[in-house]
Amino acid sequence: MNPDITCEQYAQPFAFLGNSLLDTMRHTGQAGLDPAFWAAFPDVGDESVGAALDALFAWSQDAQARQKDGEDVLTEVCVEYTRLFVGPPSPAVAPWETFYRAKRCNEGFGEATFAMRDELRKAGLEVKNENNQYADHMGLELLLLSELCLRGERAAADAFAGERPGSWCKEFAAALDKECPGGYYALLAELICALLG
């Protein structure tokens, strides 16, 4: 994270991105389809964040044009989400840190899951979600990071960002880009990596 930008300025971007990875756009809102949303998204004074935002802006302009031509882009993005993160029969891209830390382990509850549970407990939080996601899900890690930023806990946020989501974000982004090059979630992952620095 850019040291010249206050920690609190990162809270909303990380919250949006975390929520975007935890459910389909049909449930989290359609802001990502609007070019104006990406034009207003904070670039936090970082060139790589700006480049990622430019790519999302261009993607949303194309999505808007396709919608005007009658395409159901919202459903396309929801199908992309489901294929990537749900299956069938299993996710095309694992959104859990354990998978990347434990040499492509497909079983849950690795060291990263327990470490995230401890981090959540230390922050006075717990995971309660209808999808029963593991605590080391990228979306949950970003939501915890958002909360640390919102509280103004810069040292804790920087340490957590480097140790948890920042340590595996690039592999996650590469996997998304391989499965769905130029897709919405691959572009979101690029933005996440850029924000994490």
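Heads up: numbering here begins at 1 and tracks the sequence. Values in this document were obtained by computation on a predicted structure and should not be read as measured data. In what follows, every heavy atom counts, from backbone to side chain, and hydrogens, waters and symmetry copies are set aside.
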Does the pair L22 and T28 meet the rule for a side chain to side chain contact (heavy atoms under 4.5 Å, CB included), with working shown?
-> CA-CA 9 Å; L22 287 168; T28 61; over 6 Å; no
Just say parallel, tilted or perpendicular for the rings of F41 and F16, cut-offs at 30° and 60°.
->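 Correct class here is perpendicular.
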Taking the inter-plane angle between the rings of Y81 and F85 on a 0 to 90° scale, is it parallel (under 30°), tilted (30 to 60°) or perpendicular (over 60°)?
->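 Answer is perpendicular, since the angle exceeds 60°.
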Side chain [X], main chain [Y], donor-acceptor under 3.5 Å:
| X | Y | answer |
| --- | --- | --- |
| R83 | E179 | yes |
| D43 | D46 | no |
| S60 | L56 | yes |
| S167 | R164 | yes |
| N19 | A15 | yes |

Would one find more than 12 heavy atoms of other residues, nucleotides or ligands at under 6.0 Å from atom CD of Q67?
-> yes
For D158 and R154, run side chain to side chain contact (heavy atoms under 4.5 Å, CB included): C-alpha distance rounded to whole Å, both residues' side-chain angles, the deciding distance at 0.1 Å, then the answer.
-> CA-CA 6 Å; D158 284 340; R154 183 59 184 243; 3.1 Å; yes
E76 and R66 ion-paired at < 4.0 Å = yes
Heavy-atom side-chain contact between L196 and F14 under 4.5 Å = yes
Does the side chain to side chain contact (heavy atoms under 4.5 Å, CB included) test come out yes or no for C149 and Q9, once each step is laid out?
-> CA-CA 8 Å; C149 289; Q9 289 174 284; over 6 Å; no
Side-chain donor-acceptor pair under 3.5 Å between E141 and W168, yes or no?
-> yes
For the residue pair T75 and R26, confirm or rule out a side-chain donor-acceptor distance under 3.5 Å.
->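 R26 and T75 do have a side-chain donor-acceptor pair below 3.5 Å.
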Apply side chain to side chain contact (heavy atoms under 4.5 Å, CB included) to L53 and L191, showing your working.
-> CA-CA 7 Å; L53 289 171; L191 176 58; 3.9 Å; yes
Does one hydrophobic cluster hold both V79 and W59, with members joined at side-chain heavy-atom distances below 4.5 Å?
-> no
Establish, yes or no, whether a centroid distance under 6.0 Å links the rings of F172 and Y185.
->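 Judged by ring-centre distance (under 6.0 Å), F172 and Y185 do not meet the cut-off.
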Are F57 and W38 an aromatic pair by the rule of ring centers under 6.0 Å?
->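 They do not qualify: ring centres at least 6.0 Å apart.
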To the nearest 0.5 Å, what is the distance between CG (L150) and SG (C7)?
-> 9.0 Å
